[in-house]
Amino acid sequence: MNDPEEKKMKNLPKYRQIVHFIKEKIGNGEWPIGSKIPSQRTLAKDFQVNRSTVITALEELMADGLIEGRMGKGTVVINNTWTLLAKNSAPNWDQYVTSGIQRPSQKIVQEINQSESNTDLIQLSKGELSAEIFPLDVMKKMMGQVSQNMEAFGYEEPKGYFPLRGALSSYLRTIGINASPSSILIVSGALQALQLISMGLLQRGSTVYLDQPSYLYSLHVFQSADMKLTGLPMDQDGLLPENIHMPRGERGRSILYTNPCFHNPTGILMSKKRREEILAASENTQLPIIEDDIYRELWIDEIPPFPIKTIDKNGHVLYIGSLSKTLSPGLRIGWIVGPEPVIERLSDIKMQTDYGSSSLSQRVAAEWFTTGQYQLHVEKVRQQLKLRRELALSALGTHLKDVATWNIPKGGFFIWIKVLPSISMKLLYAKALSKGILLNLGSIYAQEKGNYVRLSYAYASLEDLQKGIYELGLMIKELASK
């Protein structure tokens, strides 16, 4: 330890270290007036002390007039060193934070998002390919080719880099979608596609009909625009068409969102017949469709039915694809396919929002498609996912056979597990986290009946995957025995 200040800090009593840490955060403006400080439990864990030590530190800070405990809000910052010296009040950033249009994620979703960056945890929650599958050498080669042919580049045209849209037009034909480059918009991932649709096509108070459970419930992209999510039931073939309807007065104010290939979180693959029924029901009620097909290429057993978009003859469907699940979320490349007037509208909104996706990422993505490397890569990904799925199913059969049931996904990342004993799922989540395992509970996806866990077999190492499932079985049995 070479830093004298750091060495001095280490020699202070623990409660003084906590006081110094909090004063620095407040003094630097990282924790402005009105912000909530971490809980006693969190501070005790971070500083590896008991809670009485934390309480001693907090009492000193309260005596200094920097923080106070508030009923129902925890401990908040009420002053900083400047406001104690001069009574010019600083802006109450907490008021801005809580009054912003975009609603915060559910608390548990925020916790999971933060925990997913912790490399010490066994990630049974993460909807992302393992680093073991990432094609590092080929990616270097693609980037090298782009750099060799590089010319000066600036802002792209509103719909995105034309050679990439041309390459996507050719790729989409292989899955039955005939779309010219002018009806394709490049976006920064599927989430931005949904944000643009919410801003550019839907009114406040609109209704978004969707599969229930659904990944969409874990986001607030539509609710933040004062839209209502209305879940529709599913069976083993996907969304049930008889529940699709358009109440009087909702025309032009509603849309249907569905995820037909290896649905997140259940893993369900919508059948060909059901896709036809969904489109027919939506056309009859004049309810347009968002088809989120980001898992399509991740089939394991057999090629999925063609997208709903392929049988759409009236421009009824907006089709979303992405490289985030198949190649790398770091590229931030996705696309929307739809009628040209809609794509024009969405591209205008995108230009107002970020003035275009990364020029470099778009060129790298174009290289993957035009060289044929993308299709070679996804074939290898399928092989890896098959191996991982079989390992996960084998471990589940060994360790959870008496306490859970589950589906056998035909592709994608997820196994949807129903926990049979009546146990507290919050306790299971907390217990797993204490053992270094991160889980996604079914409640995140508005699965209200039964106890469910979404298990990802895509991200964790093979060793961690087996260990995590073994520990999950032990924890369920332990909680069930109490």
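In this chain, numbering begins with 1 at the start of the sequence shown.
Using a 4.5 Å heavy-atom threshold, the side chains of Ile469 and Leu400 count as touching. For the pair Phe262/Pro304, a side-chain contact is recorded, criterion being any heavy-atom separation below 4.5 Å from C-beta on. No side-chain heavy atom of Arg332 sits under 4.5 Å from any side-chain heavy atom of Ser361. Between Leu318 and Pro288 the shortest side-chain heavy-atom distance does not fall below 4.5 Å. Leu196 is not listed as a side-chain neighbour of Arg345, based on a closest heavy-atom distance of 4.5 Å or more. In this structure the side chain of Ile186 reaches within 4.5 angstrom of the side chain of Leu168, judged on heavy atoms.
Checking each of Leu433, Ile417, Leu428 against Leu439 for a side-chain contact (heavy atoms from CB on, under 4.5 Å) leaves exactly one that passes, namely Leu428.
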Could you walk me through whether Lys386 and Glu390 pass the salt bridge (Lys or Arg N to Asp or Glu O under 4.0 Å) check?
-> CA-CA 6 Å; Lys386 183 173 185 177; Glu390 297 316 306; over 6 Å; no
Run the side-chain hydrogen bond (donor to acceptor under 3.5 Å, both in side chains) check on Ser357 and Ser188 step by step: do they pass?
-> CA-CA 6 Å; Ser357 298; Ser188 300; 3.0 Å; yes
For Ile244 and Tyr209, what are the C-alpha separation, side-chain angles and deciding distance, and is it a side-chain contact (heavy atoms from CB on, under 4.5 Å)?
-> CA-CA 8 Å; Ile244 295 173; Tyr209 294 96; over 6 Å; no
Can Asp211 and Ser214 be said to form a side-chain hydrogen bond (donor to acceptor under 3.5 Å, both in side chains), step by step?
-> CA-CA 6 Å; Asp211 323 305; Ser214 172; 4.9 Å; no
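Here Arg296 pairs with nothing under the side-chain hydrogen bond (donor to acceptor under 3.5 Å, both in side chains) rule; sequence neighbours left out. Partners of Phe134 under the ring pair (Phe, Tyr, Trp, His ring centres under 6.0 Å) rule, at least two apart in sequence or in another chain, do not exist in this structure. Qualifying side-chain hydrogen bond (donor to acceptor under 3.5 Å, both in side chains) partners for Ser434, counting only residues two or more places apart in sequence or in other chains: none. A search for side-chain hydrogen bond (donor to acceptor under 3.5 Å, both in side chains) contacts involving Glu277 returns Lys273, Arg274, not counting sequence neighbours. Applying the ring pair (Phe, Tyr, Trp, His ring centres under 6.0 Å) criterion to Trp416, with sequence neighbours excluded, gives Tyr452. Applying the ring pair (Phe, Tyr, Trp, His ring centres under 6.0 Å) criterion to Tyr215, with sequence neighbours excluded, gives no partner residue. For Glu68, the side-chain hydrogen bond (donor to acceptor under 3.5 Å, both in side chains) partners at least two apart in sequence or on another chain are Arg70.
Sorted by first then second residue, the ring pair (Phe, Tyr, Trp, His ring centres under 6.0 Å) pairs that include residues 297-328, not counting sequence neighbours, number zero. Residue pairs meeting the ring pair (Phe, Tyr, Trp, His ring centres under 6.0 Å) criterion with at least one member in residues 460-482, sequence neighbours excluded: His399-Tyr470. For residues 307-329, every residue pair satisfying the salt bridge (Lys or Arg N to Asp or Glu O under 4.0 Å) rule, not counting sequence neighbours, is listed here: Lys309-Asp312. Listed by first then second residue, pairs satisfying salt bridge (Lys or Arg N to Asp or Glu O under 4.0 Å) with a partner in residues 457-476 number zero, not counting sequence neighbours. Judged as a salt bridge (Lys or Arg N to Asp or Glu O under 4.0 Å), the pairs with a partner in residues 409-432 (not counting sequence neighbours) are, in order, Lys431-Glu478.
Asp235 contributes a side-chain N or O that, together with a main-chain N or O of Asp237, makes up a donor-acceptor pair within less than 3.5 Å. With hydrogens and angles ignored, the 3.5 Å screen pairs no side-chain donor or acceptor of Thr53 with any backbone N or O of Val49. Judged by distance alone, with hydrogens and angles left aside, the side-chain atoms of Gln123 form no donor-acceptor pair with the main-chain N or O of Ala460 at under 3.5 Å. Remark: the backbone N or O of Arg165 is not paired with any side-chain donor or acceptor of Ser169 at under 3.5 angstrom. Judged by distance alone, the side chain of Arg173 and the main-chain N or O of Asn178 form no donor-acceptor pair under 3.5 Å. In this structure, the side chain of Thr353 engages the main chain of Ile349 through a donor-acceptor pair within 3.5 Å. The backbone N or O of Phe414 lies less than 3.5 Å from no partner atom in the side chain of Arg454, so there is not a single donor-acceptor pair. For the pair Asp120 (side chain) and Gly436 (backbone), a donor-acceptor distance under 3.5 Å is absent. Of the possible donor and acceptor atoms, one in the side chain of Asn259 sits under 3.5 Å from a partner among the backbone N and O of Asn264. Looking only at distances, no side-chain donor or acceptor of Gln362 sits under 3.5 Å from a matching main-chain atom of Gly160.
Ring-centre distance between Phe413 and Tyr295: below the 6.0 Å cut-off.
Aromatic ring pairs are classed by plane angle as parallel below 30°, tilted from 30° to 60° and perpendicular above 60°; the pair Trp335 and Phe369 is perpendicular.
Tyr457 does not carry Arg389 over the face of its six-membered ring by the limits of under 6.0 Å from the centre and within 45° of the normal.
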